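For ligands, and for the atoms within them, numbers begin at 1 and follow the listed sequence. Quick caveat: nothing in here was measured; it's all calculated off a predicted structure. Reckoned from all heavy atoms, side chains included, excluding hydrogens, waters and symmetry mates.
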Amino acid sequence: MSENAASGTIAFLGLGHMGGPMAVNLVKAGHQVVAYDPVPAALEAAREHGISTVDSAEEAVAGASVVLTMLPSGKHVLDAYRGVDGPGLLAIAPPNTLFLDCSTINVDEAREAAAIALEAGHRSVDAPVSGGVVGAEAATLTFMVGALPEDFETVKPILELMGRRIVHCGDHGAGQAAKVCNNMILGVSMIAVSEAFVLGEKLGLTHQALFDVASNASGQCWALTTNCPVPGPVPTSPANRDYQPGFAGALMAKDLRLAVNALESTGVDGQMGHLASRIYDAFAAEGGAGRDFSGIITDIRDKSAK
Ligand code: NAD
């Protein structure tokens with residue numbers, strides 16, 4: 001392969017909420033995509049968009065120059081690479097295939113995936129995304145990329161077909177590191193903003209007054225000014241549509257568990273990250289899994305009722 005990896009066949013594994021529309025954008029741009037997902041309905045939907053599908057991941061990978069995975073977890077990625085009941089994708093892929101994982105997984109798992117890919121004679125890139133299903137459909141995702149410089153140059157034109165911002169964060173695992181750090185800020189800040197609004201309510205402040213002050217003062221942050229957890233001040237925020245996601249509570253809980261794993265493996269004293277993870281695990285378990293993560297404010301308000 002490899003200087004022309006970006007123009008060869010892309011094996012696309014994982015046609016879920018994110019992977020489905022991402023694969024469509026690659027095909028729209030003229031790429032040859034061969035896709036696989038164990039869910040028949042996902043394959044059917046892909047075919048309706050002109051994507052070639054096959055009956056196994058092995059078949060998809062056999063003639064590919066890039067293997068793009070968009071899977072639920074690091075275990076799915078490592079199992080696929082290594083194989084569970086038979087040879088894994090690393091053993092089947094042509095030499096020097098570029099393995100491009102866009103799933104959100106543990107930093108340590110991403111580094112492990114890169115190590116075994118390199119050991120098997122391949123190339124490896126981690127490129128988790130932010131922007132959600134809307135960004136996947138509109139090709140406006142942000143990609144956070146961990147890669148060797150030459151591999152970054154290879155994947156950049158592919159990622160540009162699915163995203164708007166492509167950031168090279170460093171070597172293998174750096175994309176996942178950036179994602180986990182960013183989402184830890186987001187989880188913690190959404191809880192802080194929500195607590196402040198509930199406190200404001202108790203103190204007799206209107207939502208608009210608190211918003212007008214904090215959004216122009218040192219409390220300013222994305223959780224307040226874009227995804228404001230109360231209806232009114234930011235008409236496009238999920239709070240205005242009864243907390244339909246948006247970014248679902250289950251995904252925030254997942255990303256904070258990844259943050260906690262990273263805090264523990266590095267020994268960082270991340271008390272807020274740990275606490276946010278516990279709070280979002282409870283939120284997801286108690287009905288918030290499918291609601292926008294800003295719905296945490298309703299939990300805080302309920303628990304503050306006297
Ligand atoms: P999803 O569960 O909708 O899709 C995952 C797909 O992978 C499923 O269709 C599943 O059948 C398929 N799959 C599982 N094992 C497979 C295998 N061995 N080979 C091929 N396909 C396989 O998940 P999603 O929402 O699309 O998210 C995918 C990844 O992106 C996750 O890691 C998630 O954390 C991350 N992410 C999601 C969002 C979001 O808003 N949904 C945003 C950012 C990042």
Side-chain angles (χ1 to χ4, degrees), residues 10-25 33-46 51 53-62 64 67-90 92-93 99-107 109-110 113 126-145 159 162-163 165 175-176 178-180 182-183 186-187 227 238 244-259 261 280 284 289-294:
I10 300 175
F12 202 115
L13 309 178
L15 299 164
H17 292 98
M18 297 293 289
M22 288 164 69
V24 169
N25 284 325
V33 174
V34 178
Y36 170 72
D37 191 296
V39 175
L43 291 177
E44 182 60 41
I51 300 173
T53 65
V54 287
D55 294 332
S56 70
E58 291 76 7
E59 221 179 308
V61 164
V67 176
L68 194 163
T69 40
M70 194 54 173
L71 304 178
S73 73
K75 180 170 168 22
H76 289 83
V77 175
L78 289 170
D79 281 355
Y81 280 20
R82 283 203 180 99
V84 179
D85 296 323
L89 304 181
L90 296 178
I92 290 165
F99 280 78
L100 169 58
D101 181 40
C102 297
S103 326
T104 303
I105 71 176
N106 278 306
V107 178
E109 291 170 322
D126 53 288
V129 307
S130 72
V133 175
V134 172
E137 286 169 350
T140 55
L141 294 169
T142 293
F143 285 89
M144 295 149 265
V145 186
L159 300 180
M162 301 180 286
R165 292 197 68 219
Q176 298 292 351
K179 166 101 183 169
V180 85
N182 178 71
N183 280 20
L186 179 60
N227 217 77
Q244 281 171 43
F247 186 50
L251 289 169
M252 178 49 86
K254 172 193 167 176
D255 288 359
L256 286 168
R257 283 196 293 275
L258 298 180
N261 291 344
Y280 271 106
R291 305 178 77 206
D292 189 76
F293 79 117
S294 60

### Query
Touching ligand 1 at all, Pro38? Heavy atoms, strictly under 4.0 Å?
yes

#### Entry: Of the listed options Leu71, Val134, Thr69, closest to atom 17 (C) of ligand 1 (non-hydrogen atoms)
Leu71

### Message
For atom 26 (O) of ligand 1, what's the nearest protein heavy-atom neighbour? Residue, atom name and distance, please.
### Response
Met18 N, 2.8 Å

## Note on the structure
Shortest non-hydrogen pair, Pro238 vs Ser294, comes out as CB-OG, 4.2 Å

#### Entry: Close side-chain approach of Leu159 and Leu100, heavy atoms under 4.5 Å
yes

## Note on the structure
At under 4.0 Å between heavy atoms, what of Tyr36 touches ligand 1? The answer is both

### Task
Check ligand 1 against Val39 and write out every atom of the ligand that is under 4.0 Å from a heavy-atom position of the residue.
11 (O)

### Task
May I ask you to identify the nearest protein heavy atom to atom 9 (O) of ligand 1, giving residue, atom name and distance to one decimal place in Å?
Asp37 OD2, 2.6 Å

### ligand 1 atoms in contact with Val129 (distance to a heavy atom under 4.0 Å)
43 (C), 44 (C)

#### Entry: Part of Leu251 within contact of ligand 1 (heavy atoms, under 4.0 Å)
side chain

### Query
Short check: is a protein heavy atom less than 4.0 Å from atom 23 (O) of ligand 1?
no

### Passing option when Leu13 is tested against Asp101, Asp37, Leu68, Leu89 for side-chain contact (heavy atoms from CB on, under 4.5 Å)
Leu89

### Message
Under a 4.0 angstrom heavy-atom cut-off, which atoms of ligand 1 come close to Lys254?
### Response
31 (C), 32 (O), 33 (C), 34 (O)

### Query
Are there protein heavy-atom neighbours of atom 7 (O) of ligand 1 below 4.0 Å?
yes

### Task
Return the residue, atom name and 0.1 Å-rounded distance of the protein heavy atom closest to atom 15 (N) of ligand 1.
His76 CD2, 3.7 Å

### Message
I need the atoms of ligand 1 closer than 4.0 Å to a non-hydrogen atom of Lys179, numbered in the order shown.
### Response
43 (C), 44 (C)

### Task
Could you tell me which atoms of ligand 1, counted from 1 in the order shown, lie closer than 4.0 angstrom to a heavy atom of Pro72?
5 (C), 7 (O), 14 (C), 31 (C), 32 (O)

### Query
Would you say the side-chain atoms of Glu137 pair up with the backbone N or O of Pro21, donor to acceptor, closer than 3.5 Å?
no

### Query
Which atoms of ligand 1 sit under 4.0 Å from any heavy atom of Ser103?
32 (O)

### Task
Using modelled atom types only, decide if a donor and an acceptor are shared between the side chain of Lys179 and the backbone of Asp255 within a distance under 3.5 Å.
no

### Summary
Nearest heavy-atom contact between Leu15 and Ala46 is CD1-CB, 3.9 Å

### Message
Need the ligand 1 atom indices (1-based, order shown) with element for anything under 4.0 Å from a heavy-atom of Met70.
### Response
5 (C), 7 (O), 29 (C), 30 (O)

#### Entry: Plane angle bin for Phe99 and Tyr81 - parallel if under 30°, tilted between 30 and 60°, otherwise perpendicular
perpendicular

